[in-house]
Amino acid sequence: MIIWIDGTLGVGKTTISWKIKENFSDSDIEFLDSDYYFEKMIQEIMEKAALNRAFPSIEGVSPQTNKKFFCYFRELIQKKSKNAKRILIVSMALTNSECKKEIFDYLINGKKKILHIILVASRETIKTRISFDKKRCDKNYALKSLESNILFLDSNFDDALRIDTDNKSVCDIANEVMQCLKDNNITVK
């Protein structure tokens, strides 16, 4: 089972995913954060290029636009989801059609069971979260892509569960997600 936490950049996917993970034992669940694995892939590309004294071929500046990452992350999800008893939490914004097709649709067509949850908030809330996020180094990109990301998410994924995160604490949002899991017969401790 895959629990896919989606939403525009800055909505709080990673924070909520970590909070959800706390409700499971480590042997029952694994968290795959697309930003972490994207940085890891880029680091590997840079190290390999340095070893070969070559210019690195990156092919996209974000997990949502990098074709190499689509394959890398999709294969990682497939590998990690082979253990039927283990739940995966995947945190990734599916905010363009190629990313959706190459990762999400591919997994769905491969019969992977995915509970797709999209976190939503008002534009002002998201802008505030982005501006106060000390770890986010791509604030301008997140702000610049906000409208197109929201439009894409609103135009796709009719079957996804949507959770409004406005004026709610991390615990409140995580509790709503946990209730969605229970409603979908996903066992939690």
Side-chain angles (χ1 to χ4, degrees), residues 1-21 24 28-42 58-121 126 136 138 141-142 144-165 173-174 176-181 183-186:
M1 165 54 87
I2 300 169
I3 302 164
W4 199 292
I5 305 297
D6 196 351
T8 189
L9 305 179
V11 77
K13 296 177 298 298
T14 303
T15 302
I16 298 305
S17 296
W18 278 115
K19 193 66 175 171
I20 295 165
K21 186 179 184 306
F24 293 88
D28 292 336
I29 197 158
E30 186 169 357
F31 174 37
L32 303 179
D33 178 24
S34 63
D35 292 337
Y36 168 81
Y37 284 100
F38 181 68
E39 289 173 19
K40 183 177 176 185
M41 185 194 79
I42 295 299
I58 295 175
E59 298 182 28
V61 297
S62 74
Q64 293 77 22
T65 61
N66 189 294
K67 292 178 184 183
K68 284 184 180 180
F69 184 71
F70 298 163
C71 293
Y72 179 89
F73 201 52
R74 181 180 66 213
E75 288 173 15
L76 179 68
I77 294 168
Q78 287 180 298
K79 177 183 168 189
K80 300 283 187 176
S81 65
K82 284 185 179 175
N83 181 347
K85 294 180 183 177
R86 194 168 175 104
I87 295 171
L88 291 182
I89 297 176
V90 175
S91 171
M92 183 177 192
L94 297 167
T95 52
N96 76 45
S97 57
E98 192 168 8
C99 175
K100 174 185 178 290
K101 178 183 149 216
E102 293 297 325
I103 301 175
F104 190 78
D105 292 347
Y106 182 92
L107 295 168
I108 292 286
N109 292 334
K111 308 295 184 213
K112 294 292 181 192
K113 185 172 180 184
I114 300 175
L115 179 62
H116 188 195
I117 298 172
I118 299 175
L119 304 179
V120 298
I126 296 169
R136 181 169 292 282
D138 62 345
Y141 177 75
K144 192 187 291 189
S145 61
L146 180 61
E147 288 303 320
S148 63
N149 288 346
I150 291 172
L151 179 62
F152 186 84
L153 291 166
D154 286 349
S155 301
N156 291 275
F157 310 115
D158 292 335
D159 294 339
L161 301 171
R162 285 174 166 73
I163 295 180
D164 186 351
T165 65
I173 299 163
E176 281 189 52
V177 172
M178 294 304 293
Q179 187 58 53
C180 288
L181 301 183
D183 294 345
N184 283 277
N185 300 315
I186 298 170

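Both backbone and side-chain heavy atoms feed into the values below; hydrogens, waters and symmetry mates do not.
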Do any N or O atoms from the side chain of Arg74 and from the backbone of Glu102 form a donor-acceptor pair under 3.5 angstrom?
yes
I need the Leu76 CG to Ile103 CD1 distance, nearest 0.5 Å.
10.5 Å
In terms of the angle between their ring planes, are Tyr72 and Tyr37 parallel, tilted or perpendicular, with boundaries placed at 30° and 60°?
tilted
What residues form a salt bridge (Lys or Arg N to Asp or Glu O under 4.0 Å) with Glu147, not counting sequence neighbours?
Arg123
Could you check whether any side-chain N or O of Ser155 sits under 3.5 Å from a backbone N or O of Phe152, counting only pairs where one atom can act as donor and the other as acceptor?
no
Taking it one step at a time, do Asn66 and Met41 satisfy side chain to side chain contact (heavy atoms under 4.5 Å, CB included)?
CA-CA 11 Å; Asn66 189 294; Met41 185 194 79; 3.5 Å; yes
Closest approach of Asp164 and Glu176, non-hydrogen atoms and distance?
O-OE2, 4.4 Å
I'd like to know whether CG of Asp159 has more than 12 heavy-atom contacts from other residues, nucleotides or ligands below 6.0 angstrom.
no
How long is the straight-line distance from CZ of Phe24 back to CD of Glu30, given to the nearest 0.5 Å?
13.5 Å
Could you go step by step and tell me if Val120 and Val11 meet the side chain to side chain contact (heavy atoms under 4.5 Å, CB included) rule?
CA-CA 7 Å; Val120 298; Val11 77; 5.7 Å; no
May I ask you to test the Phe73-Pro63 pair for a side-chain heavy-atom distance under 4.5 Å?
no
Would a distance-only check, ignoring hydrogens and angles, find a side-chain to backbone donor-acceptor pair under 3.5 Å from Arg86 to Asp28?
no
Ile20 vs Ile5, side chain to side chain contact (heavy atoms under 4.5 Å, CB included): CA-CA, chis, key distance, verdict:
CA-CA 10 Å; Ile20 295 165; Ile5 305 297; 4.0 Å; yes
Mind checking salt bridge (Lys or Arg N to Asp or Glu O under 4.0 Å) for Lys67 and listing every partner two or more places apart, or none if nothing turns up?
Glu98
Set of residues satisfying salt bridge (Lys or Arg N to Asp or Glu O under 4.0 Å) with respect to Lys112, sequence neighbours excluded
none
I need the minimum non-hydrogen distance between Cys180 and Ile163, along with the two atoms involved.
SG-CD1, 4.0 Å
Closer than 3.5 angstrom, by distance alone: can the side chain of Lys101 be matched with the main-chain N or O of Asn96 as a donor-acceptor pair?
no
Rounded distance [0.5 Å steps], OG in Ser34 versus CG in Asp6:
9.5 Å
Residues two or more places apart in sequence or in another chain: which of them pass ring-ring contact (aromatic ring centres under 6.0 Å, His included) with Phe157?
Phe104, His116
Please check this pair: side chain of Lys13 against backbone of Ser91, looking for a donor-acceptor N/O pair closer than 3.5 Å.
no
Going by heavy atoms in the side chains, are Leu146 and Leu9 under 4.5 Å from each other?
no
Quick one, Thr15 and Lys19 - any side-chain contact, counting heavy atoms below 4.5 Å?
no
Where do Tyr106 and Ile77 land on the side chain to side chain contact (heavy atoms under 4.5 Å, CB included) test, with the steps shown first?
CA-CA 11 Å; Tyr106 182 92; Ile77 294 168; over 6 Å; no
For a 4.5 angstrom cut-off between non-hydrogen side-chain atoms, does Gln64 reach Ser145?
no
For Asp105, give me all partners under salt bridge (Lys or Arg N to Asp or Glu O under 4.0 Å), at least two apart in sequence or on another chain.
Lys100
If you round to the nearest 0.5 Å, how far is OG1 of Thr165 from CG of Leu119?
6.0 Å
Inter-residue atom distance Ile114.CD1 - Ile108.CD1, 0.5 Å rounding
4.0 Å
Using side chain to side chain donor-acceptor pair (under 3.5 Å) as the criterion, list what pairs up with Ser17, not counting sequence neighbours.
none
Given Ile16, Ile3, Ile89, the one that forms side chain to side chain contact (heavy atoms under 4.5 Å, CB included) with Ile117
Ile3
Would you say the side-chain atoms of Asp33 pair up with the backbone N or O of Thr14, donor to acceptor, closer than 3.5 Å?
no
To the nearest 0.5 angstrom, please state how far the NZ atom of Lys113 sits from the CD1 atom of Ile2.
11.5 Å
